[in-house]
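Below is one structure, written out as structure tokens; comments come after it.
Atom set for the values below is all heavy atoms of this structure, side chains included, hydrogens, waters and symmetry mates excluded.
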Amino acid sequence: FDSGSLQYLLCRVLRLFFGTLTIISGQPGSGKSSLLAQLICNAVDNDIPTWLFSGELPNGVEKSWLNYIFAGKRNLEKAVSRRGNEYWKIPTAARVQMNIAYKNKWYIYRDDHDNDLDALISSMTDVVRKYGVRCLILDNFMCIDTDMEAELRAQTATVKRLIEFAKKYQAAVILVCHPRKMDSTANVGIYDIAGSSNIVNLAHRTIGLRRVTQDERDSKGRLSPRKKELMKYDVIATVIKDRMFGRSNIDKGIYYDPESRRFFTDAEEYGRQFSWDTKNYTEPLPLPPQLEAENEEDEVFGTVETDGDDV
């Protein structure tokens with residue numbers, strides 16, 4: 001894959017290494033849950049059964065989010081609510097096909113079950129043993145109840161148990177952690193993640209996300225060429241720490257489409273056809289505004305091919 005693509009991010013940066021714990025962090029609204037939803041869609045579409053604990057979003061909302069990503073722009077249609085507001089919806093026939101295609105491939109921890117660590121580990125163990133689940137996501141750390149009075153000690157103990165679980169069952173475990181209060185224009189760093197510093201030290205990989213603000217775009221003249229290039233994207237993903245590849249502090253820019261709730265970097269990713277959708281499309285999708293702007297820049301300035309992962 002091209003080093004700037006979303007597939008590169010998902011397959012290289014967020015690649016599922018079984019037997020490891022990955023931490024994902026970012027301010028509220030930075031795209032953590034959206035990126036994880038896309039990772040789930042990619043995993044189950046590649047026959048990797050996945051389990052999700054979401055302490056913030058109700059089960060029905062999570063399932064709806066996945067359906068929009070599976071659908072993509074081609075399978076969305078405009079509708080009008082009773083109050084006269086326009087919105088995008090997925091046709092019933094498409095939702096039925098998705099349910100059939102991905103039945104028994106992803107599991108969600110029920111809203112009415114306890115959020116304590118023992119209950120979560122018990123559910124994780126069940127789905128691994130009974131259904132062959134290999135990817136397990138906990139969103140987020142602060143929603144997990146622990147019995148220990150000392151908060152930092154409890155956090156370290158929780159992470160250790162998750163790592164032990166990942167190793168024992170050769171599963172890929174992903175844990176969402178919120179950062180401390182910080183400048184919204186700064187990338188999440190190794191010391192910005194809330195809680196014990198042992199959390200990041202123990203994890204195999206740590207990824208940070210943040211949204212690009214309009215203020216940054218307006219003042220990009222003061223930035224370095226590399227940072228200036230990132231300002232065209234909606235979200236910046238930073239590899240804070242990566243023991244598997246021995247990499248750190250690497251930034252990747254990605255676009256976001258709110259209607260289909262997909263992240264993308266090119267037209268192919270924007271219009272990706274998941275395996276449930278067997279229709280044959282002869283016409284390409286109209287380009288989203290972000291890619292149209294890229295094409296206009298290329299026409300004016302030309303493009304330069306580069307080798308290697310980073311420029």
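Across K105 and Y107, no two heavy atoms sit closer than the pair C-CE1, 4.3 Å. Pairing each heavy atom of F263 with each of L35, the nearest pair is CE1-N, 3.5 Å. Of all heavy-atom pairs between L136 and V133, the closest is CG-CG1, 3.9 Å. The two residues D277 and Q273 come nearest to each other via the heavy atoms O-NE2, 2.9 Å. Nearest heavy-atom pair across A203 and I163 is N-CD1, 4.4 Å. Scanning all heavy atoms of the two residues, the minimum distance from A166 to V173 falls at CB-CG2, 3.8 Å.
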Walk me through it: do Q97 and I100 pass the test side-chain contact (heavy atoms from CB on, under 4.5 Å)?
CA-CA 5 Å; Q97 284 180 272; I100 293 171; 5.8 Å; no

Checking side-chain contact (heavy atoms from CB on, under 4.5 Å) for the pair V128/K168: CA distance, chi angles, key distance, verdict?
CA-CA 11 Å; V128 167; K168 180 177 180 179; over 6 Å; no

Walk me through whether S54 and Y109 qualify under side-chain contact (heavy atoms from CB on, under 4.5 Å).
CA-CA 7 Å; S54 177; Y109 191 77; over 6 Å; no

List the steps, then state whether side-chain contact (heavy atoms from CB on, under 4.5 Å) holds for C135 with L39.
CA-CA 10 Å; C135 176; L39 189 149; 4.1 Å; yes

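Taken from CZ in R226 to CE in M231, the straight-line distance is 10.0 Å, to the nearest 0.5 Å. The distance from the OG atom of S123 to the CD1 atom of I108 is 10.5 Å, given to the nearest 0.5 Å. Interatomic distance, F274 CZ to N46 CG, rounded to the nearest 0.5 Å: 9.0 Å. To the nearest 0.5 Å, the span separating CH2 on W51 from CD1 on I137 amounts to 9.5 Å. A distance of 8.0 Å separates OG1 in T20 from CD1 in I174, rounded to the nearest 0.5 Å. Here D266 contributes atom CG and R272 contributes atom CZ; the two are 12.0 Å apart, rounded to the nearest 0.5 Å.
With 3.5 Å as the limit, one finds a donor-acceptor pair spanning the side chains of D45 and Y102. One side chain, S33 or D139, offers a donor N or O that lies under 3.5 Å from an acceptor on the other. A side-chain donor-acceptor contact under 3.5 Å links Y169 and R129. When only modelled atom types and interatomic distance are considered, D257 and S260 share a side-chain donor-acceptor pair under 3.5 Å. A donor-acceptor contact closer than 3.5 angstrom links the side chains of D218 and Q214.
Using a distance-only test at 3.5 Å, with no hydrogens or angles considered, no donor-acceptor pair links the side chain of E292 to the main chain of P288. In this structure, the side chain of K241 engages the main chain of V200 through a donor-acceptor pair within 3.5 Å. For D116 (side chain) and D118 (main-chain N/O), a donor-acceptor pair under 3.5 Å exists by modelled atom type. Listed for the W276 side chain is a donor-acceptor partner under 3.5 Å among the backbone atoms of F70. A side-chain donor-acceptor contact under 3.5 Å links R262 to the backbone of I69. Under a 3.5 Å cut-off, the side chain of K167 and the backbone N or O of G19 do not form any donor-acceptor pair.
A heavy-atom distance below 4.5 Å is found between the side chains of E77 and P91. At a threshold of 4.5 Å between non-hydrogen side-chain atoms, the residues V159 and L21 count as touching. Here the side chains of L162 and L138 are in contact, with some heavy-atom distance below 4.5 Å. Within the 4.5 Å cutoff, the side chain of S64 has no heavy atoms near those of the I90 side chain. By the 4.5 Å heavy-atom criterion applied to side chains, L175 and I24 are not counted as neighbours. Residues K89 and K78 are not in side-chain contact: their nearest non-hydrogen atoms beyond the backbone lie 4.5 Å or more apart. With a 4.5 Å cut-off on side-chain heavy atoms, E294 and K232 count as touching. Using a 4.5 Å heavy-atom cutoff, the side chains of L66 and I40 are in contact.
Geometric assessment of K63 against the ring of W106 yields a negative cation-pi assignment under the 6.0 Å and 45° thresholds. Because its NZ or CZ atom is both nearer than 6.0 Å to the ring centre of Y281 and within 45° of the ring axis, R74 counts as a cation-pi partner of that residue. Figure legend: R261 and Y256 shown without cation-pi pairing, the cationic atom not lying both under 6.0 angstrom from the six-membered ring centre and within 45 degrees of its axis. Judged by the 6.0 Å distance and 45° axis criteria, R161 is not positioned over the aromatic ring of F165.
For the side chain to side chain donor-acceptor pair (under 3.5 Å) with T213, the qualifying choice from R217, E216, R211 is E216, the only one to do so.
Outside the 6.0 Å centre-distance limit, the rings of Y255 and Y270 are not counted as a close aromatic pair.
In Y131, the OH atom is not crowded: 12 or fewer heavy atoms of neighbouring residues, nucleotides or ligands sit closer than 6.0 Å. Surrounding NZ of K279 are more than 12 heavy atoms belonging to other residues, nucleotides or ligands, all under 6.0 Å away.
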